[in-house]
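Values below: all heavy atoms of this structure, side chains included; hydrogens, waters and symmetry mates excluded.
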Amino acid sequence: QLQASGGGSVRAGGSLRLSCAASGRTFTRYHMGWFRQAPGKEREFVSGISSSGGMTSYADSVKGRFTISRDNGKNTVYLRMNSLKPEDTADYYCAATPSGWGRSPSLYDYWGQGTQVTVSS
């Protein structure tokens with residue numbers, strides 16, 4: 001089970017840190033991803049991190065502004081979001097996959113509930 005938190009409303013240029021806490025003892029077996037979905041748009045990949053934390057991936061739109069990390073001791077993955085823009089406004093979802101780590105939502109087996117991020121100009 002995945003529980004996302006940390007969303008909120010900020011002005012452009014501001015920062016937020018999203019957290020996704022996982023229950024269970026097998027967190028270290030899962031690659032994790034963050035996705036987002038804006039109203040009327042498809043869910044899109046934001047960032048991913050391998051099970052060990054050794055590899056990360058970012059969408060071009062967030063590269064250099066967002067940082068994904070994980071603490072396997074706390075069963076938690078984070079998404080630090082800096083220099084936020086109005087176009088970052090969306091519901092953000094964390095997801096987990098035991099294999100096939102990639103950018104397609106279809107690769108992920110488990111999903112948390114969304115946490116809303118609103119960035120005003």
Side-chain angles (χ1 to χ4, degrees):
Q1 192 171 15
L2 302 175
Q3 182 76 30
S5 61
S9 296
V10 297
R11 289 188 177 273
S15 298
L16 285 172
R17 188 181 78 159
L18 306 183
S19 300
C20 176
S23 59
R25 299 180 180 180
T26 59
F27 179 70
T28 55
R29 298 180 186 176
Y30 288 85
H31 309 304
M32 302 296 294
W34 284 99
F35 292 79
R36 66 187 181 187
Q37 188 166 19
K41 295 188 176 181
E42 292 187 354
R43 190 167 297 188
E44 65 174 358
F45 172 82
V46 175
S47 183
I49 188 166
S50 62
S51 56
S52 67
M55 293 189 293
T56 58
S57 179
Y58 297 92
D60 288 344
S61 59
V62 307
K63 198 172 295 183
R65 300 187 297 121
F66 291 11
T67 303
I68 192 170
S69 61
R70 66 189 294 162
D71 185 336
N72 284 344
K74 295 182 178 180
N75 282 12
T76 302
V77 62
Y78 304 97
L79 185 68
R80 177 67 180 183
M81 306 185 295
N82 294 329
S83 302
L84 282 161
K85 303 175 181 180
E87 51 263 43
D88 295 317
T89 295
D91 290 328
Y92 283 70
Y93 299 85
C94 60
T97 176
S99 62
W101 177 54
R103 300 185 174 213
S104 172
S106 64
L107 294 172
Y108 292 78
D109 297 319
Y110 305 99
W111 291 82
Q113 88 294 353
T115 184
Q116 189 173 51
V117 172
T118 302
V119 185
S120 59
S121 57

Steps toward side chain to side chain contact (heavy atoms under 4.5 Å, CB included) verdict (R103, S57): CA-CA 9 Å; R103 300 185 174 213; S57 179; 2.8 Å; yes
Stepwise side chain to side chain contact (heavy atoms under 4.5 Å, CB included) test for L2 and M32: CA-CA 10 Å; L2 302 175; M32 302 296 294; 4.0 Å; yes
Contact check, side chains of [X] and [Y], non-hydrogen atoms, under 4.5 Å:
X	Y	value
S15	N82	yes
S120	R11	yes
D109	Y30	no
F66	S47	no

For the atom pair [atom1] ([X]) and [atom2] ([Y]), what is the distance rounded to the nearest 0.5 Å?
X	Y	atom1	atom2	answer
S99	R29	OG	CZ	12.5 Å
R65	S83	CZ	OG	7.0 Å
N72	S52	CG	OG	8.0 Å
S19	R70	OG	CZ	13.5 Å
I68	C94	CD1	SG	9.5 Å
H31	S51	NE2	OG	4.5 Å

Considering non-hydrogen atoms only, spot the tightest contact between [X] and [Y] and give its length.
X	Y	value
K74	T76	O-OG1, 2.8 Å
K41	Q37	O-NE2, 3.1 Å
T115	G7	OG1-N, 3.0 Å
A90	R36	CB-CB, 3.8 Å
Y108	G102	OH-O, 2.7 Å

Find out if a path of hydrophobic residues (ILVMFWY) with successive side-chain heavy-atom gaps under 4.5 Å connects [X] to [Y].
X	Y	result
Y58	M81	yes
L16	W34	yes
V119	Y93	no
F45	L18	no
L84	V46	yes

K63/D60 ion pair, N-O < 4.0 Å: yes
